Amino acid sequence: MKIVEFGKQNTNTVMLLHGGGLNWWNYRDAAEILAEDFHVLIPVLDGHAGSGVPFSTMEDNAARLIRYIDETFGGQVTIIGGLSLGGQIAVEMLSQRPDICKFALIESTLVKPMKLTHALIGPSVAMSYGLVKQRWFARWQASYLRIPRNLFEDYYRDTCKISKADLTAFLKANSSYTIKPSLTQTCAKVRIVAGAREQKGILESAKRLREIIPHSQLEILPGLYHGDLSINQPQRYAGMLKSWMEEENEDI
């Protein structure tokens, strides 16, 4: 497992789980801000460039990260944040281990199975995979995903390294993930965020997560698209996480 770290000198630990098809640089700008106060861990998710592990299931990836936390941090980190695919894995971690973290920020995360999308993934990847290494196609995808220009070369490099099998596997898992009943047992304080301009399925999923997770908070962010918060507003994203630590210090 590859894990990129920032702020190793700090004791409070944040684990950030990137979106599907992205990589650790998804959170680079936010991590540099958070490193002032936190030890930031950004694992490369299974099936992505540098992970060294093929993608199998959300459950397997979540279990592997939990084992790492058990072995390295005694069973708990302060905060887990996740975007899209990373958000689904974060939700799965909360389901498998109710006390895996004190706080969780779940961003733009789908938990409503999309049957038609799932059925079309195989044929779509088969038709388009040959274009992945074409820079013009990568630029079009990056623009659609609202990836800033300064991250394009990272995006292009790492996208080219994702195998067809892994791309198909994690896209299918993303479109079919469902909430586990055990999610209701989580001890974490959970904040769910989504952009107001996201697809209907994401907005409905955000509301569903709010209904399922005890004492959770939901915030629909005006004007934002999928992943805009962590990728394009790192100061705001980091501020959300830092506010939790300020609240905890006030309670002590």
Side-chain angles (χ1 to χ4, degrees), residues 1-5 15-28 31 40-73 77 80-97 100 106-111 113-115 117-134 137-138 141-142 145 147 151 153-180 226-227 230-231:
M1 180 188 301
K2 177 180 177 180
I3 296 181
V4 178
E5 299 181 68
M15 177 175 281
L16 301 176
L17 308 177
H18 64 77
L22 307 181
N23 213 290
W24 69 269
W25 40 261
N26 177 159
Y27 289 109
R28 179 166 54 205
V40 184
L41 310 168
I42 314 178
V44 177
L45 299 180
D46 293 357
H48 291 72
S51 70
V53 181
F55 187 90
S56 54
T57 66
M58 299 283 190
E59 292 78 7
D60 285 350
N61 204 159
R64 187 173 294 108
L65 291 169
I66 289 172
R67 285 196 298 272
Y68 173 80
I69 292 172
D70 285 344
E71 294 167 0
T72 312
F73 299 100
V77 293
I80 294 176
L83 164 65
S84 194
L85 181 75
Q88 292 171 318
I89 293 172
V91 168
E92 181 61 29
M93 292 172 73
L94 296 176
S95 302
Q96 291 187 22
R97 181 73 66 78
I100 194 64
I106 308 300
E107 178 188 0
S108 301
T109 296
L110 183 69
V111 294
M114 310 293 282
K115 293 182 180 179
T117 300
H118 186 271
L120 293 175
I121 285 171
S124 296
V125 172
M127 291 174 59
S128 65
Y129 186 75
L131 297 173
V132 167
K133 295 184 180 182
Q134 300 296 320
F137 184 75
Q141 281 194 314
L145 295 171
I147 294 172
L151 293 180
E153 292 300 332
D154 295 298
Y155 171 75
Y156 178 63
R157 177 196 65 232
D158 289 340
T159 300
C160 289
K161 295 178 182 178
I162 299 174
S163 71
K164 183 190 293 186
D166 281 327
L167 180 61
T168 302
F170 68 68
L171 288 178
K172 283 189 172 183
N174 173 258
S175 65
S176 61
Y177 183 73
T178 57
I179 294 171
K180 308 295 193 304
H226 190 73
S230 57
I231 296 175

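It should be emphasised that the depicted structure is a prediction, and the values quoted were computed from it without experimental measurement.
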Novice: Quick one: do the Ser230 and Glu107 side chains pair a donor with an acceptor below 3.5 Å?
Specialist: yes
Novice: For ring pair (Phe, Tyr, Trp, His ring centres under 6.0 Å), just list the numbers for His48 and Phe55, CA-CA rounded to whole Å, side-chain angles, deciding distance to a tenth of an Å, and then say yes or no.
Specialist: CA-CA 8 Å; His48 291 72; Phe55 187 90; 7.5 Å; no
Novice: Tell me the closest heavy-atom pair linking Phe170 and Ile162, and the distance in Å.
Specialist: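 Nearest heavy atoms, Phe170 then Ile162: CE2-CG2, 3.9 Å.
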Novice: Treating Thr72 as the side-chain partner and Ile69 as the backbone partner, does any N or O pair qualify as donor plus acceptor under 3.5 Å?
Specialist: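 Between the backbone of Ile69 and the side chain of Thr72 there is no qualifying donor-acceptor contact (under 3.5 Å).
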Novice: Could you state the interatomic distance from CG (Leu151) to CD1 (Ile231), rounded to the nearest 0.5 Å?
Specialist: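 Spacing of CG (Leu151) from CD1 (Ile231) equals 7.5 Å.
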Novice: Can you tell me how far CZ of Arg64 sits from CZ of Arg67, rounded to the nearest 0.5 angstrom?
Specialist: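 Reported to 0.5 Å precision, the distance equals 6.0 Å.
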Novice: Do Leu45 and Ser51 have side chains that approach each other closer than 4.5 Å (heavy atoms only, starting at C-beta)?
Specialist: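 Side-chain contact under 4.5 Å: no.
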Novice: Step by step, would you call Val77 with Ile100 a side chain to side chain contact (heavy atoms under 4.5 Å, CB included)?
Specialist: CA-CA 7 Å; Val77 293; Ile100 194 64; 5.5 Å; no
Novice: For Leu65 and Ile80: C-alpha separation, side-chain torsions, deciding distance, then whether side chain to side chain contact (heavy atoms under 4.5 Å, CB included) applies.
Specialist: CA-CA 11 Å; Leu65 291 169; Ile80 294 176; over 6 Å; no
Novice: So, for Met58 and Ile89, which heavy atoms are closest and what is the spacing to 0.1 Å?
Specialist: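 In terms of heavy atoms, the two residues are closest at SD-CG1, 3.7 Å.
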Novice: Quick one: pull up OH in Tyr177 and NE2 in His118 and give me the separation to the nearest 0.5 Å.
Specialist: 14.5 Å
Novice: I'd like to know if the side chain of Tyr156 reaches the main chain of Lys133, judged simply by a donor and an acceptor atom lying under 3.5 Å from each other, with no hydrogens or angles considered.
Specialist: yes
Novice: Any heavy-atom pair between the side chains of Gln96 and Ile66 that's under 4.5 Å?
Specialist: yes
Novice: Would the distance check show the side chain of Tyr27 and the main-chain N or O of Ile42 forming a donor-acceptor pair, the cut-off being under 3.5 Å?
Specialist: no
Novice: So, do Leu22 and Leu83 sit near enough that their side-chain heavy atoms are less than 4.5 Å apart?
Specialist: yes
Novice: Within the structure provided, determine whether Asp154 and Arg28 are in side-chain contact (heavy-atom separation under 4.5 Å).
Specialist: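 Yes, their side chains come closer than 4.5 Å.
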Novice: To the nearest 0.5 Å, tell me how far Arg157 CZ sits from Trp25 CH2.
Specialist: 8.0 Å
Novice: Indicate yes or no: at least one non-hydrogen side-chain atom of Leu110 is less than 4.5 angstrom from one of Ser84.
Specialist: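 Counting from C-beta outward, Leu110 and Ser84 never come under 4.5 Å.
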Novice: Between Glu92 and Gln88, is the side chain to side chain donor-acceptor pair (under 3.5 Å) condition met? List the steps.
Specialist: CA-CA 6 Å; Glu92 181 61 29; Gln88 292 171 318; over 6 Å; no
Novice: Would you name the heavy atoms of Ala49 and Lys161 that are closest together and state the gap between them?
Specialist: CB-CB, 3.7 Å
Novice: Please round to the nearest 0.5 Å and tell me the distance separating atom OG1 of Thr109 and atom CG of Leu85.
Specialist: 9.0 Å
Novice: Looking at Gly50 and Lys2, what are the two nearest heavy atoms and their distance?
Specialist: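 Scanning both residues, the minimum pair turns out to be O-CB, 3.4 Å.
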Novice: Apply side chain to side chain contact (heavy atoms under 4.5 Å, CB included) to the pair Thr178 and Val111, showing each step before the final yes or no.
Specialist: CA-CA 5 Å; Thr178 57; Val111 294; over 6 Å; no
Novice: Just how far is it from atom CE of Met127 to atom CG of Leu120, taken to the nearest 0.5 Å?
Specialist: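 Spacing of CE (Met127) from CG (Leu120) equals 10.5 Å.
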Novice: If you look at every heavy atom in Asn61 and Asp46, which pair is closest and at what distance?
Specialist: OD1-N, 3.1 Å
Novice: Heavy atoms, side chains only, cut-off 4.5 Å: are Phe73 and Leu41 in contact?
Specialist: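 The answer is yes; the side chains approach within 4.5 Å.
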Novice: Side chains of Asn26 and Leu16: closer than 4.5 Å at any heavy-atom pair?
Specialist: no
Novice: Please report the closest heavy-atom contact between Gln141 and Tyr155, naming both atoms and the distance.
Specialist: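 Heavy atoms only, the tightest pair is OE1-OH, 3.2 Å.
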